[in-house]
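Lettering of chains follows the sequences in order, A, B, ..., and the numbering in each one begins at 1.
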Number of protein chains: 2
Amino acid sequence: MTRKPPTMADVAKAAGVSPMTVSRAFKRDSSVSDATRAAILQAAETLGYVFDSTASNLRSQRSDFVAVTVPSINNANFAETVRGLSEGLRARDLQILLGYTDYDMEEEERLIEQFLRRRPEAIVVTGGRHTDRARRMLENAAIPVVETWDLPEDPIGHVVGFSNADAVRGMVDHFVRRGLTRLAFIGGDAQRDTRGTDRRRGFIRAMQDHGLEAHRLIDAGAPPISMAEGAMAMGLLLARFPDTQAVICVSDLSAFGALTECQRRAVPVPERIEIAGFGDYDVGAVCVPALSTINPFPRQIGSRTAELILSLLDAPQPPRVIEITPELILRGSSA
Amino acid sequence: MTRKPPTMADVAKAAGVSPMTVSRAFKRDSSVSDATRAAILQAAETLGYVFDSTASNLRSQRSDFVAVTVPSINNANFAETVRGLSEGLRARDLQILLGYTDYDMEEEERLIEQFLRRRPEAIVVTGGRHTDRARRMLENAAIPVVETWDLPEDPIGHVVGFSNADAVRGMVDHFVRRGLTRLAFIGGDAQRDTRGTDRRRGFIRAMQDHGLEAHRLIDAGAPPISMAEGAMAMGLLLARFPDTQAVICVSDLSAFGALTECQRRAVPVPERIEIAGFGDYDVGAVCVPALSTINPFPRQIGSRTAELILSLLDAPQPPRVIEITPELILRGSSA
DNA sequence: ACAGTTTGTGTTATCGATAACAGACTCGCA
DNA sequence: TGCGAGTCTGTTATCGATAACACAAACTGT
């Protein structure tokens with residue numbers, strides 16, 4: 001026999017107080033005497049009462065949600081950002097409503113629509129490119145919007161990110177400074193992964209600025225580019241441009257795949273070809289040789305975003321752009 | 001000038017119908033004529049109306065949430081499970097409320113409490129060990145509970161999982177069958193990672209059943225055990241038990257770290273020592289040599305759980321145990 | 001001792017959608 | 001033509017907590 005679950009009114013009756021007092025007892029810093037609070041919590045425990053945020057949300061017009069969309073849940077970089085976010089937001093008891101877009105703007109649009117219906121306190125999206133409708137929805141939502149992992153030309157609201165193109169430029173500069181000129185890039189030009197595309201564009205522009213040709217471009221397939229695809233791409237690269245001196249990959253994952261392909265073919269790295277990645281994933285620090293890479297501080301993107309949101313919830317502020325400076329990390333794969 | 005956002009009543013007035021009709025127009029298969037639905041959606045679009053699930057949830061007593069806790073968001077295996085889950089649940093427009101416990105049962109308890117307040121339709125947890133209070137909360141929640149990634153002795157409700165101990169036993173058997181007897185295990189015995197502990201226990205029991213000593217146990221630190229910790233552990237192993245013939249690691253990540261340590265020390269794998277992991281992560285399939293491992297079909301755990309939940313929402317059923325059979329994958333690291 | 005504040009609690013109305021019920025209308029078939 | 005079944009729309013009450021206001025009791029300081 002399952003009887004209806006108890007409500008606040010039931011707890012109130014059991015504790016001999018009004019529902020309002022029960023409500024206050026369940027809040028953080030409300031004015032209830034310690035004695036009554038204890039009695040109320042005791043009564044709630046006995047009855048097996050579970051606070052109903054559904055009702056609370058409606059009446060108080062607060063959901064205590066922060067909506068977050070990332071391209072992929074299965075990606076250590078974005079996972080770090082989410083971790084930074086959720087740790088920063090926990091202090092204020094804000095819960096994360098997480099969704100992944102699969103690198104698909106239509107899917108992002110769907111997600112944003114779903115999320116806005118839940119009336120989040122703020123919304124965080126990855127990247128600066130969205131469908132028109134998604135953009136409109138975000139603009140019209142009367143909540144803080146933060147775009148991350150990018151520096152959009154025309155931000156919707158706030159931004160916590162970095163220039164993917166400039167980050168790759170730093171790596172190109174490094175190789176050119178050391179006298180290497182025959183450089184290649186492994187990564188897709190798919191519309192889907194706009195950050196990957198930005199990195200590729202950054203590579204091409206940097207090469208041109210150095211007066212070098214940027215024709216050694218290997219498209220490794222649809223994002224997210226896996227280790228296996230990185231390996232395949234390296235196979236293509238070695239076949240098509242055998243005199244390549246160094247290759248920059250769209251991520252450490254593809255870079256690691258590329259490295260293993262060299263190992264399988266007994267192509268010595270870095271002696272015969274140098275390799276660099278992007279993202280400073282664990283695998284790149286541990287593999288032999290370790291991968292040169294770029295660390296965009298994904299955790300920090302999350303924690304700075306959390307800080308920003310907390311301050312925005314206290315007091316609205318004009319749109320801000322918080323720029324993160326990625327760090328070049330040089331290791332054995334390019335030494 | 002920010003005026004109050006429009007409600008269903010506003011849309012109803014604009015479209016010249018009753019709020020109830022607007023409500024129906026926003027539902028899936030409700031009886032509204034195509035003409036009026038179009039008019040209503042048009043009016044909603046014009047007004048910039050966004051459906052408010054907060055109110056809907058309260059009145060209909062449905063949240064369309066499924067709560068899910070995983071130990072770590074930054075883990076490809078659990079990410080796959082979540083992906084399988086969310087794809088299966090999308091059909092019914094169920095949203096996932098995701099939280100990670102950081103391999104901490106206290107944190108899990110906090111999460112479960114937070115989640116139950118949101119009145120999810122079902123709740124999925126990873127593993128079969130919980131704090132007493134967490135267990136009580138789950139038992140009392142009048143919703144389907146699914147424990148995953150394990151086969152608990154005393155399940156709370158439903159189960160979709162496998163025996164971690166038995167899976168490792170399969171790997172031990174494989175080595176012993178091939179005549180190897182000096183086997184080691186890398187992984188923690190921390191209370192925190194109960195699945196890791198189960199694998200370790202499975203190793204010990206299997207060794208004993210073969211009449212072999214199981215003293216080559218290297219504790220690699222607190223979970224989740226990283227690649228770097230796997231490498232350190234391999235260093236210890238080679239120092240303390242130099243005659244070890246094969247080592248089973250608690251995960252592919254630590255196994256890969258161990259492999260790289262062998263590469264740094266020029267210890268040939270598999271000639272001098274064989275290595276096996278757990279989880280069939282990408283890295284293990286791509287690295288050189290590729291890692292022998294155990295695939296517990298994490299994606300399938302998610303999709304089967306989703307199926308189960310969908311059927312439970314249609315009609316309550318007695319607790320079920322759905323057992324997944326992990327697959328032994330043999331690759332170059334143990335050939 | 002008394003006005004002024006702080007503290008603890010209660011009363012009433014309300015957040016915005018929808019379940020439950022009811023009624024009007026259309027259609028098919030005898 | 002009439003009747004039952006099906007389709008579409010409206011009315012009323014309600015989900016469960018809490019904002020806003022009110023007020024008594026317990027303090028504070030001069």
Note to self: Measure CG/B/N57 against P/C/dT18 and give the value in whole Å, please.
What the structure shows: 9 Å
Notebook entry, point to check: Is B/R129 paired with B/D193 through a side-chain N to carboxylate O contact shorter than 4.0 Å?
Noted result: no
Note to self: As a test of reading the structure: which of C/dG8, C/dA19, D/dT9 is closest to the side chain of A/S31, going by heavy atoms?
What the structure shows: C/dG8
Item checked: Side-chain ion pair, B/D64 and A/R118, N-O less than 4.0 Å -> no
Next item on the list: For B/S18 and for A/T7, locate the closest nucleotide of DNA chain D by heavy-atom distance; then report the residue assigned to the nucleotide nearer the 5' terminus.
Entry: B/S18
Next item on the list: Starting from P on C/dG16, measure out to CZ on A/R118 and report it in whole angstrom.
Entry: 17 Å
Next item on the list: Find which nucleotide of DNA chain D each of B/T21 and A/L58 is nearest to by heavy atoms, and output the residue with the more 5' nucleotide.
Entry: B/T21
Next item on the list: Check whether any side-chain N or O of B/Q61 sits under 4.0 Å from OP1 or OP2 of C/dT18, and answer yes or no.
Entry: no
Note to self: Please pick, from C/dT9, D/dG16, D/dT9, the nucleotide with the shortest atom-to-atom distance to any side-chain atom of A/D52.
What the structure shows: D/dG16
Note to self: Distance check needed: C/dG10 C1' versus A/I40 CD1, whole Å only.
What the structure shows: 12 Å
Margin query: Treating B/D104 as the side-chain partner and B/E106 as the backbone partner, does any N or O pair qualify as donor plus acceptor under 3.5 Å?
Written below: yes
Note to self: Output the rounded distance in Å from NZ (A/K4) to P (D/dC15).
What the structure shows: 6 Å
Next item on the list: Whole angstrom is fine here: how far is it from CG in A/D34 over to C1' in C/dT7?
Entry: 12 Å
Item checked: Any B/K27 side-chain nitrogen or oxygen under 4.0 Å from OP1 or OP2 of C/dA17 -> no
Item checked: SB check B/D93 B/K27 (cutoff 4.0 Å) -> no
Notebook entry, point to check: Between A/E107 and A/R110, does at least one N-O distance fall below 4.0 Å, as a salt bridge requires?
Noted result: yes
Notebook entry, point to check: With distance as the sole criterion, do the side chain of B/R59 and the base of D/dG16 form a donor-acceptor contact below 3.5 Å?
Noted result: no
Notebook entry, point to check: Contact class for B/V17 vs. all strands (heavy atom < 4.0 Å): base, sugar-phosphate, or nothing?
Noted result: sugar-phosphate
Check: Of the nucleotides D/dC15, C/dA17, D/dT11, which one has an atom closest to the side chain of B/S56?
Finding: C/dA17
Item checked: Pairing of A/D52 and B/R119 as salt bridge, 4.0 angstrom limit -> yes
Check: Once you round it to whole Å, what is the distance between C1' of C/dA20 and CZ of B/R24?
Finding: 11 Å
Check: Touch check for A/T54, heavy atoms < 4.0 angstrom, all strands: base, sugar-phosphate only, or nothing?
Finding: nothing
Margin query: Counting distance alone, no hydrogens or angles: does the base of C/dG8 have a donor or acceptor under 3.5 Å from a partner atom on the side chain of A/R37?
Written below: no
Check: Hey, does A/F26 reach any base, or is it just sugar-phosphate, or nothing, if we go heavy atoms under 4.0 Å?
Finding: nothing
Item checked: Short side-chain N/O contact from B/Y49 to OP1 or OP2 of C/dG16, under 4.0 Å -> no
Notebook entry, point to check: For the side chain of A/M20, counting heavy atoms from C-beta on, which of C/dT18, D/dA20, D/dA17 is nearest?
Noted result: D/dA20
Next item on the list: Figure out the CE/C1' separation between B/M8 and D/dG10, and round it to whole Å.
Entry: 15 Å
Checklist line | Euclidean distance, atom CG of residue A/D64 to atom P of D/dA17 [Å, nearest integer] | finding: 15 Å
